[in-house]
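Note that ligands are numbered from 1 as they come in the structure, with each ligand's atoms numbered from 1 the same way.
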Amino acid sequence: MRLDRCTWYEVQDYLAGSGGIMLPCGSTEQHGPIGLIGTDAICAETIAARAAETVAALVAPTLAYTPAPFNMGFPGTMSISAGLFQSMVQELLAGLHEQGFTRIYILNGHGANLDPLNAASAHLPGGSVRIRSWWDFDAVNALRSEFYGAWEGMHATPSEVAITRADGRVIHHPDADAPPRRLTAEFIRQHAGDRHGGPQEHRAAFPDGRVGSHSALATPEHGRRLLEAAATAVAEDYRAFTGR
Ligand code: NI
C-alpha cells in the first residue's frame, strides 16, 4: 500500500493496527552507459513494494534526492549534500514517529546514504528505525555471486541493472559491451560506502561511469530472481522488526 495513494482516514485506520512503515531510499545519479539514472531508487522502491504486499505494510514515497557528489561530473545526476539529506531524513522520521509510526523500516539502495541515515535515525528512541540495504541479505548475495562473481563490482552493478530490467527498459550500448577495468581488493576496501573522490577526478578515473561493474551481464530473468529473493528477505525482516 502506497502512502501517497491513501487518504489520511485510511492512514489513521492503518495506525490502529500497525506502527510499521517502509521508507525506500535511493539516488538520482548516472549508472553507466546502460543503467538508468534512477536505478537505486527504482530498486529500493520495487523491492519495498513487493515486500509490502506480503506483510500489508504502508510504503512512504521514495527518497530519491540524496548525496552523490562524486557523480556530478555526469549529466543527469542530481545530488544534495550529506548534511542536508541527514536533516531532511531526521525531520521526516521525527514527524512519522510523532504520528505513531514507531517502527520505521528504511530500505536503502545507495551506499552514500548509509552514514546520514544512521546519524538521522540516532535521534529517535532505540529500536524505532531499522536500516537495511537490499544487498544486505544472504539470499540476495548468493544470487549476486552466482550470476556475476567479481563482475558485480561497485557501481552500475549488473544486479541493480537487472532489477530495473525485471519489468522495465533494457538498453544496449556498445560502450557497455566490454568489461570495465577490474578493481583491486584494496580499492574496494577504501571506497566502501561510496567514498569516492571529487566529480572530475571520479569521471576521469571511470569515464563511462561503471566502477568495476559489468552491467551488460544483467538480464530481466536475473532481475526477477533478485527481486523475488530481496522482497522475500525484506518481508521476513520487516515482520521480525515490527513483531507482526
Ligand atoms: Ni546504484
Side-chain angles (χ1 to χ4, degrees), residues 23-50 62-80 82 85 106-117 131-137 140-141 143-145 147-148 150-171 173 175-176 179-181 183 187-188 191-197 199 202-203 205-220 222-223 226-227 229-231 234:
L23 175 59
C25 212
S27 72
T28 303
E29 60 173 340
Q30 71 83 15
H31 272 78
I34 58 171
L36 306 175
I37 298 279
T39 295
D40 293 350
I42 293 167
C43 288
E45 183 169 300
T46 310
I47 294 164
R50 176 76 66 90
T62 302
L63 300 183
Y65 298 130
T66 63
F70 40 88
N71 274 324
M72 285 302 284
F74 298 88
T77 298
M78 298 171 74
S79 175
I80 62 174
F85 177 62
I106 299 180
L107 185 63
N108 177 52
H110 177 61
N113 293 342
L114 287 168
D115 285 348
L117 286 174
I131 301 165
R132 291 287 184 270
S133 299
W134 60 262
W135 54 81
D136 284 341
F137 301 98
V140 176
N141 281 320
L143 289 178
R144 290 166 84 203
S145 61
F147 294 156
Y148 314 118
W151 284 128
E152 175 71 348
M154 296 190 83
H155 186 69
T157 64
S159 64
E160 62 185 346
V161 172
I163 291 170
T164 69
R165 290 178 165 194
D167 209 10
R169 293 177 68 197
V170 175
I171 297 164
H173 193 286
D175 286 359
R181 178 159 66 80
L183 303 178
F187 181 96
I188 294 171
H191 295 75
D194 286 342
R195 287 183 191 88
H196 298 299
H202 189 62
R203 182 164 170 170
F206 302 98
D208 65 40
R210 298 173 300 172
V211 182
S213 296
H214 196 351
S215 323
L217 300 177
T219 69
H222 288 166
L226 286 160
L227 175 55
V234 167

Residues in ring-ring contact (aromatic ring centres under 6.0 Å, His included) contact with [X], at least two apart in sequence or another chain:
X: His110; value: none
X: Phe70; value: His196, His202
X: Phe187; value: His191, Phe206

Query - Cut-off under 2.8 Å, centre the Ni ion (ligand 1), protein N/O/S atoms - result: His31 NE2, Asp40 OD1, Glu160 OE1
Query raised in the report: Any donor-acceptor pair under 3.5 Å linking the side chain of Arg144 with the backbone of Glu152?
Result: no
Query raised in the report: Distance-only, no hydrogens or angles: does the Thr39 side chain make a donor-acceptor pair with backbone N or O of His31 under 3.5 Å?
Result: no
Query raised in the report: With Asn108, which of Asp40, Asn113, Thr66 fulfils side-chain hydrogen bond (donor to acceptor under 3.5 Å, both in side chains)?
Result: Asn113
